[in-house]
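Here's the structure, in structure tokens; my notes come after.
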Amino acid sequence: MYRVIVLYAEEPDADSYADHAELCQQVPNAVFRHGKVTGAPMGDPSHAYYAEWEFADEEAFKGGTRSDEFIATGKDAYKRGYPMPQIEFVMLG
């Protein structure tokens with residue numbers, strides 16, 4: 001299983017993000033999830049908001065992250081003025 005993890009330092013505006021999430025759900029071969037970070041084991045969490053795409057395998061991951069729809073999500077986030085998030089790719093065994 002592969003994931004693209006997006007970590008935001010600040011929580012985006014809920015109405016604006018709802019529209020953005022609709023676009024994110026169009027990425028092929030992926031399940032998109034997002035939500036508010038609610039805490040950490042010790043102290044304040046490092047991030048305020050979390051989003052992810054989940055892909056079943058490497059082929060789905062490569063196809064999804066190379067798709068026009070995936071590229072459009074980055075352009076959309078930039079146009080909406082969201083702060084630059086931390087983005088990471090994860091392979092789960």
Side-chain angles (χ1 to χ4, degrees):
M1 179 181 310
Y2 287 73
R3 291 187 183 175
V4 174
I5 295 174
V6 183
L7 299 164
Y8 295 92
E10 300 171 17
E11 184 175 357
D13 174 75
D15 292 334
S16 173
Y17 201 83
D19 293 337
H20 179 68
E22 285 184 29
L23 184 62
C24 292
Q25 291 170 354
Q26 295 175 20
V27 172
N29 309 314
V31 175
F32 180 73
R33 299 178 190 94
H34 62 97
K36 183 176 182 171
V37 175
T38 60
M42 297 177 68
D44 294 327
S46 299
H47 300 93
Y49 207 76
Y50 173 91
E52 73 173 17
W53 284 274
E54 181 179 287
F55 301 90
D57 55 34
E58 185 176 10
E59 184 177 327
F61 168 77
K62 286 181 178 179
T65 57
R66 293 176 182 163
S67 70
D68 291 340
E69 293 87 349
F70 186 79
I71 293 166
T73 66
K75 290 178 181 179
D76 184 67
Y78 179 79
K79 281 196 260 182
R80 291 176 187 275
Y82 297 154
M84 183 63 150
Q86 181 176 345
I87 302 171
E88 299 180 3
F89 299 154
V90 177
M91 179 180 69
L92 300 173

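Using the six-membered ring where Trp is involved, Phe32 and Trp53 have ring planes that are tilted, between 30° and 60° apart. Under the 30°/60° scheme for interplanar angles, the aromatic rings of Tyr8 and Tyr82 are found to stand perpendicular.
Here the side chains of Leu7 and Tyr50 are in contact, with some heavy-atom distance below 4.5 Å. Using a 4.5 Å heavy-atom cutoff, the side chains of Val6 and Tyr49 are not in contact. Side-chain contact between Thr65 and Tyr2: absent, with no pair of heavy atoms (C-beta onward) separated by less than 4.5 Å.
The two atoms that bring Glu10 and Pro83 nearest to each other are OE1-CG, 3.9 Å, heavy atoms only. Closest non-hydrogen pair, Val27 versus Gly64, comes out as CG1-O, 3.7 Å. When all heavy atoms of Val37 and Pro45 are compared, the closest pair comes out as CG1-CB, 3.6 Å. Considering every non-hydrogen atom in both Pro28 and Ser67, the closest pair reads CD-OG, 3.5 Å.
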Under the ring pair (Phe, Tyr, Trp, His ring centres under 6.0 Å) criterion, do Phe61 and Phe55 qualify, and how do the steps go? CA-CA 5 Å; Phe61 168 77; Phe55 301 90; 5.7 Å; yes
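To the nearest 0.5 angstrom, Gln25 atom CD is 6.5 Å from His34 atom NE2. Considering CZ of Arg80 and CG of Leu23, their distance stands at 8.0 Å, rounded to 0.5 Å. Note that NZ of Lys62 and CG of Asn29 are 13.5 Å apart. Values are rounded to the nearest 0.5 Å.
Annotation: salt bridge (charged side-chain N to carboxylate O under 4.0 Å, His left out) contacts of Glu11 (sequence neighbours excluded): Lys36. In terms of the salt bridge (charged side-chain N to carboxylate O under 4.0 Å, His left out) criterion, residue partners of Arg33 (sequence neighbours excluded) are, by chain and number, Glu52, Glu54.
Ile5 and Val31 fall into different hydrophobic clusters, defined by Ile, Leu, Val, Met, Phe, Trp and Tyr side-chain heavy atoms under 4.5 Å apart, directly or through other members.
Among residues at least two apart or in separate chains, there is no salt bridge (charged side-chain N to carboxylate O under 4.0 Å, His left out) pair with a member in residues 14-25.
Heavy atoms from other residues, nucleotides or ligands lying under 6.0 Å from CD of Glu69 number more than 12.
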